[in-house]
Amino acid sequence: MTAARRRTREAIVTAALELFREHGFEGTTMRAVADRAGVSVGNAYYYFSSKDELVQGFYDQIVADHRALALPELAGRRDLADRLRSTLRAWITVAEPYREFAGRFSAVAAQPGNPLSPFSPEAGPSRDAAVDLYREVLAGSRTEVDPQLARELPELLWLYHLGVVLFWVHDTSPGAARTQLLVDRTAPMLARLVRLSKLPVLRPLSRQAVTLLEELRT
């Protein structure tokens, strides 16, 4: 993609996100997105065949914004639970403006075979970026991890992240307070499990989890 086309695509995504915040998903039309982005409707459809496809642009933007907010928060933190907590809280902060219509996004993504699923090939770049962030979360902590588990743990943490996202979608508490509580309580539990995975008595279980993840990929 040329630089000019990349800028046009980014302008369309930015316009769509602004309109989603202002009018919600259902209240936003492709014509309104095109007008806000300063392009023709035909040009908007060239990059995104529907509003649903714009959701993938939303995923990409959320991942980029999440990374930009989370990385400074990780500076100086070595405790894994603290790093997990701050990373997930950063995501909640970034995503909060979109919570009003997040259910629509999740309904689209939950459809089997839908390219907007976080597990689809089309979602690969945003998924890889999210997993890479959790790789950095682990790398900067002082927690030692079983080498075999360490290779797969970033993806397992991303799956934990998806579980938090699903809870957040259905959380109606002000400021996503219940999701914040979920993160605060589960991050230390998960960090402790990671630390304990090096113990001889638990190492077989952690390696079984790794094997299961590898089998599910095939």
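Residues L133 and L71 form a side-chain contact, since some pair of their non-hydrogen atoms from C-beta on lies under 4.5 Å apart. Contact check for D128 versus E155: no side-chain heavy atoms found under the 4.5 Å cut-off. Contact check for V13 versus F48: side-chain heavy atoms found under the 4.5 Å cut-off. Residues L138 and P154 are in side-chain contact: their nearest non-hydrogen atoms beyond the backbone lie under 4.5 Å apart.
Heavy-atom minimum distance, A123 versus S117: CB-O, 3.3 Å. Nearest heavy-atom pair across Q180 and I92 is NE2-CG2, 3.6 Å. The shortest non-hydrogen separation linking Y59 to S126 is CB-OG, 4.3 Å. A pairwise comparison of heavy atoms in L54 and M30 identifies CD1-SD, 3.7 Å as the closest pair. Across all non-hydrogen atoms, the minimal contact from Y98 to W168 is C-CH2, 4.4 Å.
The distance from atom OG1 of T143 to atom CZ of R192, rounded to the nearest 0.5 Å, is 13.0 Å. Separation of atoms OG (S141) and CG (D79) is listed at 8.0 Å; rounding is to 0.5 Å. In this structure, CZ on R195 lies 8.5 Å from CZ on R142, to the nearest 0.5 angstrom. Remark: L157 CG to L162 CG distance equals 11.5 Å, nearest 0.5 Å. For the atom pair CZ (R127) and OG (S120), the distance works out to 6.5 Å, reported to the nearest 0.5 Å. Atom-to-atom distance recorded for T93:OG1 and H66:NE2 is 9.0 Å, nearest 0.5 angstrom.
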Intermediate values then yes/no, side-chain contact (heavy atoms from CB on, under 4.5 Å), D60 and R9
CA-CA 12 Å; D60 296 339; R9 187 182 189 280; 4.2 Å; yes
Full working for side-chain contact (heavy atoms from CB on, under 4.5 Å) between L84 and T87
CA-CA 5 Å; L84 285 171; T87 299; 5.8 Å; no
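Under the 3.5 Å distance criterion, the side-chain polar atoms of S86 are left unmatched by any main-chain donor or acceptor of L74. Distance alone, capped at 3.5 Å, is enough to place a donor-acceptor pair between the E53 side chain and the S49 backbone.
Between Y160 and T186, the side chains place a donor N or O and an acceptor N or O closer than 3.5 Å (distance only, hydrogens not considered).
Both L88 and L159 belong to a common hydrophobic cluster when Ile, Leu, Val, Met, Phe, Trp and Tyr are linked at side-chain heavy-atom distances under 4.5 angstrom. In the hydrophobic cluster analysis, where Ile, Leu, Val, Met, Phe, Trp and Tyr join through side-chain heavy atoms closer than 4.5 angstrom, W91 is grouped together with L17. Hydrophobic clustering of Ile, Leu, Val, Met, Phe, Trp and Tyr side chains at less than 4.5 Å, counting indirect connections, keeps V94 apart from V63.
Within the structure, salt bridge (Lys or Arg N to Asp or Glu O under 4.0 Å) contacts touching residues 163-191 (residues at least two apart or in different chains) are R85-D184, R89-D184, D171-R178. For residues 114-147, the pairs satisfying ring pair (Phe, Tyr, Trp, His ring centres under 6.0 Å) are F119-W158, Y134-H161, with sequence neighbours left out.
Remark: R77 engages E73 in a salt bridge, criterion side-chain N to carboxylate O under 4.0 Å. A salt bridge links R67 with E136: the closest approach of a Lys/Arg side-chain nitrogen to an acidic carboxylate oxygen falls below 4.0 angstrom.
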With a 3.5 Å cut-off and sequence neighbours excluded, list the donor-acceptor pairs that the side chains of residues 32-42 form with protein atoms.
unit_1	atom_1	unit_2	atom_2	d
R36	NH1	E18	OE1	3.0
R36	NH1	E22	OE2	3.3
R36	NH2	E22	OE1	3.0
S40	OG	N43	N	3.0

